[in-house]
Each structure stands twice: as structure tokens, then as C-alpha cells.
Amino acid sequence: MQTDSPKEYVTLVNGDAENFSEVYGYRLHNPTECPYNGSRREDCQCRKDYTAAGFSTFSKVRLDLNTMQIITTDLQFAQTHDGRPVPYATAGDCYSAAKCPQGRFSIDLYGTGLSLMGTAKWLSQGNYAVSEIQKSPVS
């Protein structure tokens, strides 16, 4: 804390079970389909070969005290359980070109004193990009 740019980490009270990011590793053989109404099933006509895939969980996140923003790319207190490290609040896949997102993330800031701004948005990137963001009511 005695430097010009101190690193401040916030403990995520509900821990890594509710704070994770995933880039889904399966890809459909026929990328124009969205089987099972978009439900995730490993018995799909697909292969698990997406090289950018990964699953990371977080017990703490880094906070920029000047901007009061979480630095999503700081993985100091992240564990990668599969594949490549995935930044906080990030998801992706290469599953389907149809509107069929499979990657997921979860943010739980309960007990930290922090909350997302109501205007928070996520960027969709890539070909055929689509997102479904579900926000739980603040309790």
C-alpha cells in the first residue's frame, strides 16, 4: 500500500462457487444448429476441442481505488480448473453460429460493500456473437 499504485483486493464472501468465468470447450459438428433448446449436454453431436476454453474461479478480485472498478484480468486469487485462465466476468464459446450461448460467468458481490451499476453492460465480440445476461435482484 506504500506505492504509487497499490494493489487492493476485495474478498468475495460467497467465494468461488458463485464467482466464476467459463469459455465453453465443446463445438457442434453442425454449427448452424442449437440442439436441446440451447441446454448444455455433453452427449451432443460435438467435439471438445476449442483451444481457448477454460474455467476459472475467484476468491478475491482486484479493485482500482481511483476508478472504483474491478480489474477483471488480475488472476492473483483465481484458480483455473480446466483449460486456459478466463478473466473475471467473462464468458465465451465456439459452440454454435445459432443463437445458442454456452459459456457462462457468475458475479456475486454480496457482503463486499460493492455492487454493479445498473447501467453495467457486457461487450459481445466475434462472429455470430450473442449474449444472455441475467441479473438477480439486489437483496
Side-chain angles (χ1 to χ4, degrees):
M1 296 301 292
Q2 302 301 321
T3 68
D4 291 336
S5 56
K7 291 184 178 180
E8 179 67 29
Y9 292 91
V10 176
T11 299
L12 300 167
V13 175
N14 286 335
D16 59 8
E18 297 297 326
N19 290 281
F20 62 85
S21 297
E22 177 193 42
V23 174
Y24 194 62
Y26 288 87
R27 298 187 312 148
L28 288 172
H29 293 301
N30 181 350
T32 62
E33 294 180 342
C34 183
Y36 317 113
N37 293 322
S39 295
R40 291 170 57 131
R41 291 183 41 178
E42 294 181 9
D43 65 344
C44 60
Q45 294 294 310
C46 55
R47 59 195 172 278
K48 187 176 183 183
D49 66 352
Y50 187 38
T51 58
F55 185 81
S56 297
T57 59
F58 299 81
S59 59
K60 295 183 182 190
V61 289
R62 184 172 166 200
L63 182 65
D64 182 322
L65 296 176
N66 294 318
T67 63
M68 293 304 290
Q69 292 183 344
I70 292 173
I71 300 172
T72 60
T73 55
D74 189 308
L75 301 169
Q76 179 70 32
F77 293 96
Q79 284 192 309
T80 299
H81 302 275
D82 187 35
R84 297 180 181 260
V86 183
Y88 190 67
T90 301
D93 66 55
C94 196
Y95 183 69
S96 173
K99 292 184 178 182
C100 198
Q102 298 295 311
R104 19 176 219 174
F105 67 87
S106 177
I107 298 170
D108 187 344
L109 299 174
Y110 173 81
T112 65
L114 301 174
S115 64
L116 292 176
M117 293 180 59
T119 57
K121 296 188 184 314
W122 279 262
L123 300 175
S124 295
Q125 298 175 317
N127 297 323
Y128 309 105
V130 62
S131 62
E132 284 180 26
I133 306 294
Q134 298 174 2
K135 297 179 185 177
S136 298
V138 178
S139 51

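- Between the SG atom in Cys94 and the CZ atom in Arg27 there is a gap of 5.0 Å [rounded to 0.5 Å].
- A distance-only check finds no donor-acceptor pair linking the side chain of Ser21 to the backbone of Ala91 [under 3.5 Å].
- The other residues sharing a hydrophobic cluster with Leu28 are Tyr24, Tyr26, Tyr95, where clustering joins ILVMFWY side chains under 4.5 Å apart.
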List the steps and the verdict of side chain to side chain contact (heavy atoms under 4.5 Å, CB included) for Phe105 and Thr72. CA-CA 12 Å; Phe105 67 87; Thr72 60; over 6 Å; no

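- Checked by atom type and distance alone, the side chain of Arg84 pairs as donor or acceptor with a backbone atom of Thr51 at under 3.5 Å.
- Closest approach of Cys100 and Gly38 over heavy atoms only: SG-CA, 3.8 Å.
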Please test Val61 against Leu12 for side chain to side chain contact (heavy atoms under 4.5 Å, CB included), starting from the C-alpha separation and ending with a verdict. CA-CA 7 Å; Val61 289; Leu12 300 167; 3.8 Å; yes

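- Here the side chain of Ser96 pairs a donor or acceptor atom with the backbone of Glu33 at under 3.5 angstrom.
- When atom types are taken as modelled, the side chain of Thr90 and the backbone of Tyr88 share a donor-acceptor pair closer than 3.5 angstrom.
- Leu116 is not connected to Ile71 by any chain of hydrophobic side-chain contacts under 4.5 Å among Ile, Leu, Val, Met, Phe, Trp and Tyr, and they are in different clusters.
- Closest non-hydrogen pair, Gln102 versus Glu22, comes out as O-OE1, 3.8 Å.
- Residues Tyr110 and Tyr9 are members of separate hydrophobic clusters, defined by side-chain heavy-atom contacts under 4.5 angstrom among Ile, Leu, Val, Met, Phe, Trp and Tyr.
- The closest donor-acceptor contact from the side chain of Asp64 to the backbone of Thr67 lies under 3.5 Å.
- Two rings, from Phe58 and Phe20, have their centers 6.0 Å or more apart.
- Each of Met117 and Leu63 belongs to its own hydrophobic cluster when Ile, Leu, Val, Met, Phe, Trp and Tyr are linked at side-chain heavy-atom distances under 4.5 angstrom.
- Hydrophobic clustering (ILVMFWY, side-chain heavy atoms < 4.5 Å, transitive): Leu75 and Ile70 are in one cluster.
- With 3.5 Å as the limit, one finds a donor-acceptor pair spanning the side chains of Asn30 and Thr32.
- Here the straight-line distance linking atom CZ of Arg41 with atom OH of Tyr36 works out to 4.5 Å at 0.5 Å rounding.
- Within the 4.5 Å cutoff, no side-chain heavy atoms of Glu8 are placed close to those of Arg62.
- Counting non-hydrogen atoms of neighbouring residues, nucleotides and ligands closer than 6.0 angstrom, the CZ atom of Arg47 exceeds 12 such neighbours.
- Distance CG/Asn14 to OG1/Thr112: 10.0 Å, rounded to 0.5 Å.
- Considering CD of Gln79 and OG of Ser56, their distance stands at 9.5 Å, rounded to 0.5 Å.
- Tyr50 and Val86 fall within a single hydrophobic cluster, where Ile, Leu, Val, Met, Phe, Trp and Tyr are joined by side-chain heavy atoms under 4.5 Å apart, directly or via other members.
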Report the C-alpha separation of Leu114 and Val10 in whole Å, then their side-chain angles, then the decisive distance to 0.1 Å, and conclude whether the side chain to side chain contact (heavy atoms under 4.5 Å, CB included) test is met. CA-CA 9 Å; Leu114 301 174; Val10 176; 4.2 Å; yes

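- Proximity of a side-chain donor or acceptor of Asp93 to a complementary backbone N or O of Pro101 within less than 3.5 Å is not detected.
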If you apply the rule side chain to side chain contact (heavy atoms under 4.5 Å, CB included), what do you find for Arg40 with Arg104, and how did you get there? CA-CA 11 Å; Arg40 291 170 57 131; Arg104 19 176 219 174; 3.1 Å; yes

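- A pairwise comparison of heavy atoms in Lys60 and Thr11 identifies CE-OG1, 3.4 Å as the closest pair.
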